[in-house]
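Just so you know, these numbers use all the heavy atoms, side chains as well, and skip hydrogens, waters and symmetry mates. Throughout, a chain's letter reflects where its sequence line sits, starting with A, and its residues are numbered from 1.
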Amino acid sequence: MPELPEVEVVRRGLERWVAGRRVTDVEVLHPRAIRRHLPGASDFATRLSGQRIVAAARRGKYLWLPLDGGGALLGHLGMSGQLLVQPADAADEIHLRVRLRFDDDGPQLRFVDQRTFGGLSLESMSDDVPLPIVHIARDPLDPLFDDELFIKALRAKQTGVKRAILDQNLISGVGNIYADESLWRAKLHYEAPTSALSRPKALLLLASVRDVLTEALGQGGTSFDSLYVNVNGESGYFARSLNAYGRADEPCGRCGSPIRRAAFMNRSSYYCPRCQRK
DNA sequence: CGCGCCTCCTGTGTGC
DNA sequence: TGCACACAGGAGGCGC
């Protein structure tokens, strides 16, 4: 479940159901799921076994579980990854990739991922984040996110505004759904040049991003199908609040014009041709 | 250096 | 029914 609200829903589930527990056994069922752990599957399993998970943290779309040994289990869900807390006797999921068992014999933590774009790895920490994600910008729900710095960097870029807010080095946590929703709220065309954004317009965009992410989180995230679920397998309800994403040919909630779908970056952009002009 | 295209995968829906 | 193709919530790598 990819974007910030969905990942935060998972983080909260992990904090509640996994933090404080000691790993006893690690099973890697698909090597691609730990491909970013360069020493390989047996090293991953050996080093993780015996460690206690002390918390659950997140930046943007990355999740990590700090370990009592000082490092962290870092995870990214990619397009189709799930972290599920499942009773030991629950049948294996078709796309089960990694299984963690705990010393309390309680529910297992399972990494399930159909497309295997996601993955897990063991990392050392650099200050407050795992080393491989030091380049990831703070997300707009982080209390230390610097609004002024973002506005300045955004307007200094030579690109279109949607590309910019999808750039995880500039602002993290925003993906294709929430980019389109934020742009709809701010009445910005996805290809509007960042360098031409007025300061008030840039501030409006940032406020729109924050509002959308916050509202979606309040609804448990966006799910169109069973692929995007929390640690207990439940879907969120924000899909019914979407104004642009996935609504091609449906009337814009503001002006009634049919929402348009355009090809963009090997995927799609949904926008209102009247409210969001270039 | 920054930007933007391509690729890594599996599954589903659509049109012929 | 079968097949080909487009498309799906992401991000790293590489060419320009």
Side-chain angles (χ1 to χ4, degrees), chain A residues 1-10 29-38 58-63 74-83 93-97 111-121 123 130-137 139 153-183 190-195 209 212-213 216-217 219-230 235-242 244-249 261-270:
Chain A
M1 3 180 19
E3 305 182 47
L4 186 151
E6 295 78 33
V7 178
E8 174 61 16
V9 166
V10 172
L29 295 103
H30 195 312
R32 207 178 128 76
I34 55 107
R35 68 193 178 285
R36 302 210 181 279
H37 187 83
L38 301 179
R58 181 188 59 74
R59 173 173 288 187
K61 305 172 197 172
Y62 283 87
L63 281 167
L74 177 64
H76 195 288
L77 302 175
M79 292 283 266
S80 55
Q82 305 173 331
L83 283 164
E93 293 75 9
I94 295 173
H95 302 294
L96 178 62
R97 310 302 190 197
F111 181 66
V112 176
D113 190 5
Q114 176 193 107
R115 293 175 71 184
T116 66
F117 288 172
L120 305 177
S121 58
E123 307 292 350
L131 198 53
I133 66 162
V134 292
H135 66 287
I136 300 292
D139 62 66
L154 174 71
R155 298 175 70 200
K157 272 191 162 291
Q158 297 295 315
T159 188
V161 66
K162 182 169 174 179
R163 272 198 160 85
I165 59 173
L166 289 175
D167 180 351
Q168 306 296 303
N169 303 317
L170 181 66
I171 182 171
S172 68
V174 180
N176 209 30
I177 293 180
Y178 300 114
D180 282 359
E181 292 303 304
S182 304
L183 293 168
Y190 61 98
E191 281 181 320
T194 47
S195 55
V209 169
V212 168
L213 295 178
L217 179 55
Q219 302 284 314
T222 301
S223 302
F224 303 120
D225 50 47
S226 60
L227 219 50
Y228 301 92
V229 294
N230 67 15
S235 295
Y237 296 102
F238 194 71
R240 61 185 65 164
S241 305
L242 296 175
Y245 187 87
R247 300 194 63 235
D249 303 326
R261 175 192 174 276
F264 175 76
M265 289 173 77
N266 280 341
R267 53 223 313 198
S268 300
S269 264
Y270 297 89

Please report, rounded to the nearest Å, how far the C1' atom of C:dG9 is from the CD atom of A:Q219.
18 Å
What one should report as the nearest heavy-atom pair of A:S223 and A:A239 is O-CB, 3.5 Å
With a 6.0 Å cut-off (strictly less than), is the heavy-atom count around CG of A:N169, excluding the residue itself, greater than 12?
yes
From C:dG10, C:dA8, C:dG12, nucleotide with atom closest to A:Y245 side chain:
C:dA8
Per atom distances to the A:N266 side chain, the nearest of B:dC5, B:dT7, C:dA8 is B:dT7
Within residues 166-178 of chain A, the residues having a heavy atom closer than 4.0 Å to DNA chain C are A:Q168, A:G175, A:N176, A:I177
Over how many whole Å does the gap from A:R247 atom CZ to C:dA8 atom C1' extend?
19 Å
Indicate whether the side chain of A:Y228 and that of A:E3 have a donor and an acceptor atom separated by less than 3.5 Å.
no
Tell me which nucleotide among C:dA11, B:dG11, C:dA8 gets nearest to the side chain of A:Q114.
B:dG11
So which heavy atom on A:Y270 is nearest to which on A:A244, and how close?
CB-O, 3.2 Å
Using a cut-off of 4.0 Å on non-hydrogen atoms, how would the nucleic acid contact of A:R267 be classed: base, sugar-phosphate, or nothing?
base
Nearest-angstrom distance, C1' atom, C:dG9 to B:dC3
23 Å
Which dot-bracket notation, 5' to 3', represents the base pairing of DNA chain C when pairs are defined as Watson-Crick or G-U with both distances under 3.5 Å, crossing pairs as [ ], and inter-strand pairs as |?
.|||||||.|||||||
Give a yes/no on whether any side-chain N or O of A:S80 is located under 4.0 angstrom from OP1 or OP2 of B:dC9.
no
Which pair of non-hydrogen atoms, one from A:L242 and one from A:Y245, has the smallest distance, and what is that distance?
CD1-O, 3.9 Å
Quick one: A:K157 NZ to B:dC1 C1', roughly how many Å, whole number?
11 Å
With respect to the side chain of A:Q158, which nucleotide from B:dC3, C:dG12, B:dC9 is positioned closest?
B:dC3
Quick one: is B:dG4 close enough that its OP1 or OP2 comes under 4.0 Å of any side-chain N or O from A:T159?
yes
Nearest heavy-atom pair of A:D180 and A:K162: which atoms, and what distance?
OD1-NZ, 2.7 Å
Indicate whether OP1 or OP2 belonging to B:dT10 is found under 4.0 Å from a side-chain N or O atom of A:H95.
no
Please work out whether the ring planes of A:Y178 and A:F238 are parallel, tilted or perpendicular, with thresholds of 30° and 60°.
tilted
Does atom CZ of A:F224 have more than 12 heavy-atom neighbours from other groups under 6.0 Å away?
yes
Rounded to the Å, how far apart are A:D225 CG and B:dG13 P?
9 Å
Charged N to carboxylate O below 4.0 Å: is that the case for A:D113 and A:R32?
no
A:Q82 versus A:L77, closest heavy-atom pair with distance
N-CD2, 4.1 Å
May I ask whether A:F117 stacks on the base of C:dA11, given the cut-offs of 5.5 Å between ring centres and 30° between planes?
no
Using atom P of each nucleotide, how far apart are B:dC9 and C:dC14 to the nearest Å?
15 Å
Looking only at side-chain atoms of A:R163, point me to the closest of B:dC5, B:dT10, C:dG12.
B:dC5
What's the CD1-C1' distance between A:I136 and C:dG10, to the nearest Å?
11 Å
Does B:dT10 have its OP1 or OP2 closer than 4.0 Å to a side-chain nitrogen or oxygen of A:R32?
no
Of C:dG12, B:dC9, C:dG9, the nucleotide closest to the side chain of A:R115 is B:dC9
When we call it a touch if two heavy atoms are under 4.0 Å apart, what does A:R261 touch: a base, just sugar-phosphate, or nothing?
sugar-phosphate
Looking only at non-hydrogen atoms, find the nearest pair between A:L74 and A:P132 and report the distance.
CD2-CG, 4.1 Å
Please give, in whole Å, the distance from B:dG13 C1' to A:L227 CG?
15 Å
When the P atoms of B:dC1 and C:dA11 are compared, how many Å lie between them, rounded to an integer?
22 Å
Heavy atoms only, 4.0 Å cut-off, all strands: where does A:Y62 land among base, sugar-phosphate and nothing?
sugar-phosphate
Interatomic distance where CG belongs to A:D113 and P belongs to C:dG9 [whole Å]
15 Å
Rounding to a whole Å, what distance do you find between A:R155:CZ and B:dG2:P?
19 Å
